[in-house]
Every structure is written in structure tokens, then in C-alpha cells.
Chemist: 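Below is the structure I would like to discuss, written out as C-alpha cells.
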Number of protein chains: 2
Amino acid sequence: MGRRSKHSREEMQEMAIKAAREIVAEEGVRELSTRKIAAKIGYTVGTLYHFFKNLDDIIMYVNSQTLDMLYEYLKHRINKNKQTALISLANGYLDFSKKHFSEWQLLFEYPMPKDMQYPRWYEEKITKLFKLVEQSLSTQIKLPKIDLSRKSRVLWSGIHGVCLLYHTGKLHKTKSETAETLVEDLLKYYLAGLKMI
Amino acid sequence: MGRRSKHSREEMQEMAIKAAREIVAEEGVRELSTRKIAAKIGYTVGTLYHFFKNLDDIIMYVNSQTLDMLYEYLKHRINKNKQTALISLANGYLDFSKKHFSEWQLLFEYPMPKDMQYPRWYEEKITKLFKLVEQSLSTQIKLPKIDLSRKSRVLWSGIHGVCLLYHTGKLHKTKSETAETLVEDLLKYYLAGLKMI
DNA sequence: ACCTGAACACCGTTCAAGT
DNA sequence: ACCTGAACACCGTTCAAGT
């Protein structure tokens with residue numbers, strides 16, 4: 001048989017990642033497989049291993065795109081209102097996690113091998129996202145630059161935690177509380193504490 | 001062939017759950033399979049399906065035991081010190097997630113089907129755990145009973161979020177910050193905010 | 001009421017053989 | 001430098017056949 005050369009290396013990679021994301025979005029995290037990806041782009045399974053190390057590698061690329069999508073989604077929520085900058089961003093995060101639940105789940109609930117190490121450009125996408133948080137935090141409160149990084153991380157971890165436990169229902173039995181209420185509460189008191197000291 | 005009747009129904013279930021937990025603890029979440037569980041207890045795969053609905057069902061029972069272990073682990077960290085009750089509990093949670101990382105991961109990072117609904121007794125174990133948080137929170141701050149539940153949930157979601165992002169490295173590139181530092185920061189300012197208002 | 005062995009429909013990953 | 005087809009070593013789940 002041999003090569004078909006209908007698509008360049010880059011095109012092939014893009015096609016595979018796109019197919020993977022579609023499978024996840026339409027059928028859920030647990031339905032993703034190399035064989036489905038291959039079938040969807042009209043190639044044999046073996047071909048994928050010419051462009052990716054393994055399934056985890058493909059997932060990493062999907063996740064990297066999800067980080068891009070999240071960034072684009074949150075970027076437009078940025079505002080300079082001293083009262084609402086952070087709550088607007090946090091609600092954006094909640095909206096995104098609902099709208100793109102399966103992709104969000106692949107990013108945060110899929111158990112990667114513990115020795116997995118992400119490339120530089122991947123880490124940089126995370127840094128870029130945190131810049132949004134730092135920016136919103138600093139419009140609401142004036143903080144020393146040294147503190148800004150830690151406070152953003154703490155705040156965002158908290159928001160993420162609420163979001164995660166809301167979606168999975170894993171740490172609360174009462175469904176009466178919405179994720180929005182909990183996030184609002186977190187922001188309110190944490191920020192009040194910061195302002196005080 | 002037929003029955004062996006060497007073990008009662010309850011013994012069989014207990015053996016399978018124990019085997020599953022050991023596989024997870026020793027080899028990691030991704031290595032768990034029904035076939036390995038069956039082999040470990042000296043039975044055929046098919047037998048498992050006589051005692052459990054499916055693998056997810058077995059995992060639910062493992063997770064329920066993990067909740068028990070977590071409760072026992074945290075129970076001894078409870079103290080009545082008005083300054084350190086919560087930080088002691090939070091550090092206990094961090095310790096547990098490190099000591100029993102894989103079980104913790106199975107509980108929080110394994111993507112269960114979204115229609116999965118947990119039995120009553122499972123939800124009650126979560127409630128029981130939250131009682132510890134509520135108890136510690138109320139020794140540090142006097143709060144209306146109505147608020148206690150929500151504040152505990154927010155606080156624990158935050159601690160869990162920090163813990164998760166620490167272990168997976170998924171939302172911070174700087175490894176310089178320890179989970180302990182971040183949790184301490186969260187507690188400090190959130191509680192300060194609560195005390196103020 | 002169990003338990004087995006085999007079957008079914010899948011997996012991820014590798015690789016000799018082809019162009 | 002690709003791409004295939006087949007192989008290998010696994011999966012989860014079901015079920016007829018046995019006691």
C-alpha cells in the first residue's frame with residue numbers, strides 16, 4: 001500500500017486532534033480511543049503512531065486546544081470594574097465548564113501517568129491563563145507583585161474546586177447550592193480578608 | 001464446574017474490593033481491571049458479575065472504603081484549638097492524599113459516567129466527612145447554623161482544589177509553592193473575611 | 001445459586017511488508 | 001517517509017453449560 005501523501009504531516013496531526021476532540025465532545029471522555037480517531041479521519045490505527053507518541057500524547061494536544069478555547073472564552077469576560085472583575089471571570093469559567101463539559105473533564109479528570117511531563121509551550125498556556133486571573137485580581141485589589149501570583153493561584157484553585165465538586169457531585173449532597181453561589185461566597189470572603197490585611 | 005461455595009457472598013465482595021484497592025495502590029489507577037481483580041482472588045472474570053453490576057460498581061465500593069479511611073485519618077486530627085483546628089484538618093487531608101495518592105485519585109480523578117447515581121449510604125459518608133469540617137470551622141468561628149454548611153463546603157472545595165492542582169500540576173507551573181503554603185493562605189484570608197463580616 | 005470457559009466486541013501499541 | 005494489515009497482549013461484559 002504505502003503512502004498516500006494526501007495530507008501533510010501538520011494536516012494529519014490537526015485532523016487527528018480535531019477528531020479526538022469531537023469524539024470526546026459528542027460521546028464523552030470514556031469513549032475516546034485511537035481506533036475511533038483513526039476511523040474518523042479515514043486512516044488505519046498504526047498511522048497515528050507515526051505522528052503521536054501514544055493516546056496520552058494525543059490527549060495532551062486536545063487539552064492544549066481546550067486551554068486555548070478557555071483563554072478565548074475568558075478573554076472577553078475581562079473588565080475593569082473594580083467590583084465585578086473576578087466574579088465575571090469566575091462565572092466565565094463555570095460557564096465554560098458547563099458548555100464544554102467533556103473537554104473540561106478530559107483536561108482535569110483524566111488520570112494521566114504521574115511521570116507525564118508537559119512541554120514548555122503547554123505550561124506557557126497555563127501561565128497565560130493565570131495572567132487573566134492576576135489581571136482581574138489586581139483591578140479589584142492593589143497587591144504587591146510577589147503576592148499576586150500566590151493569591152491568584154489560591155483563588156483559582158478554589159474556584160476550580162467548587163466547579164469540580166459541582167459537576168461530579170463528589171463532595172456535596174445538597175444540590176440546592178449552585179456553583180455560582182459557592183464561588184460568590186469564596187470570592188467575597190477571601191477578598192474581604194485580603195483587603196483587611 | 002459449578003459452584004465452589006468456599007466463600008459466602010459477603011466474603012466474595014469483600015475479597016474483590018480488597019483486591020481492587022491493592023491493585024490501585026500498588027500499580028495505579030490505570031492498571032485496574034476486572035480480569036486482574038478476578039485473577040487476584042482466584043476466580044474467573046465472569047464470577048465478579050454475579051456480585052457486582054460492573055467495574056464502575058466495584059470502583060464505587062473501593063471509593064466508599066477510601067471515604068472511610070479518610071474519615072478515620074482525619075478524625076484523629078480534630079482538635080479544639082481555636083487557632084489551628086482547620087489547618088490541622090486541611091493538612092491531614094493533604095497528608096492523606098499523598099500517602100494514599102492512587103486511591104485518592106480513583107476517588108476524584110476517575111471519570112465516572114455522568115448518569116452514575118450513588119446510593120444513600122455513600123452520600124452519607126460524604127456528609128459524615130463534612131461534619132468534621134463543620135465542627136472544626138465552628139470551633140474557630142461562631143457562625144449561624146445556616147452559614148456553617150455553605151462555608152464548610154466552600155472551604156473544603158478550595159482545599160481540595162489546591163490539593164488537586166498540586167498533585168497533577170495542572171494549574172501551576174511554579175513548583176516552588178507547596179500545597180501547604182497555598183492552603184494556609186486560603187484559610188487565613190477566607191477566615192479573616194468571615195470574622196470581619 | 002454459583003462458577004467456568006468461551007465467546008463477543010472492543011482496546012493500545014508494534015511492526016514487517018509494501019509504495 | 002509514510003501507510004497498511006495483521007499481530008500481540010490485553011480489555012469489559014455476557015452467557016450457555018455445568019454442579
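Just the heavy atoms: all of them, side chains too, but no hydrogens, waters or symmetry mates, feed the values below. Lettering follows sequence order; numbering is per chain, from 1.
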Chemist: Please give the distance between the P atoms of dA9(C) and dC10(D) as a whole number of Å.
Modeler: 22 Å
Chemist: Please list, chain by chain and in numerical order, all residues satisfying side-chain contact (heavy atoms from CB on, under 4.5 Å) with T34(A), sequence neighbours excluded.
Modeler: V45(A), L48(A), Y49(A), L55(A)
Chemist: Can you tell me if R9(A) touches the phosphate of dC2(D), counting only side-chain N or O atoms and a distance under 4.0 Å to OP1 or OP2?
Modeler: yes
Chemist: Only counting residues at least two apart or in another chain, list the ones meeting side-chain contact (heavy atoms from CB on, under 4.5 Å) with M196(B).
Modeler: A192(A), M196(A)
Chemist: Answer with yes or no whether the side chains of S149(A) and R153(A) bring together a donor and an acceptor at under 3.5 Å.
Modeler: yes
Chemist: Quick one: salt bridge (Lys or Arg N to Asp or Glu O under 4.0 Å) partners of D57(B), sequence neighbours excluded?
Modeler: none
Chemist: Find the distance Y43(A):OH to dG5(D):P and express it as a whole number of Å.
Modeler: 13 Å
Chemist: What residues, two or more places apart in sequence or in another chain, satisfy ring-ring contact (aromatic ring centres under 6.0 Å, His included) together with Y71(A)?
Modeler: none
Chemist: What's the CG-P distance between L48(A) and dC3(D), to the nearest Å?
Modeler: 11 Å
Chemist: List in chain and number order the residues that pass ring-ring contact (aromatic ring centres under 6.0 Å, His included) with F52(A), two or more places apart in sequence or in another chain; answer none if no residue qualifies.
Modeler: Y61(A)
Chemist: List in chain and number order the residues that pass ring-ring contact (aromatic ring centres under 6.0 Å, His included) with F51(A), two or more places apart in sequence or in another chain; answer none if no residue qualifies.
Modeler: none
Chemist: Quick one: list whatever passes salt bridge (Lys or Arg N to Asp or Glu O under 4.0 Å) with K36(B), sequence neighbours left out.
Modeler: E27(B), E31(B)
Chemist: Rounded to whole Å, how long is the line connecting atom NE2 of H50(A) with atom C1' of dT19(C)?
Modeler: 13 Å
Chemist: Looking across every strand, which nucleic acid part, if any, lies under 4.0 Å from F52(B) by heavy atom: base, sugar-phosphate, or nothing?
Modeler: nothing
Chemist: Between protein and nucleotides 6-15 of chain C, map the contacts as a letter string: B base, S sugar-phosphate only, - none, heavy atoms under 4.0 Å, written 5' to 3'.
Modeler: -B---BBBBB
Chemist: Let me check I have this right: for DNA chain C, each base becomes ., (, ), [, ] or |, based on Watson-Crick or G-U pairs with both distances under 3.5 Å. What is the full string?
Modeler: ||.|||||...|||||.||
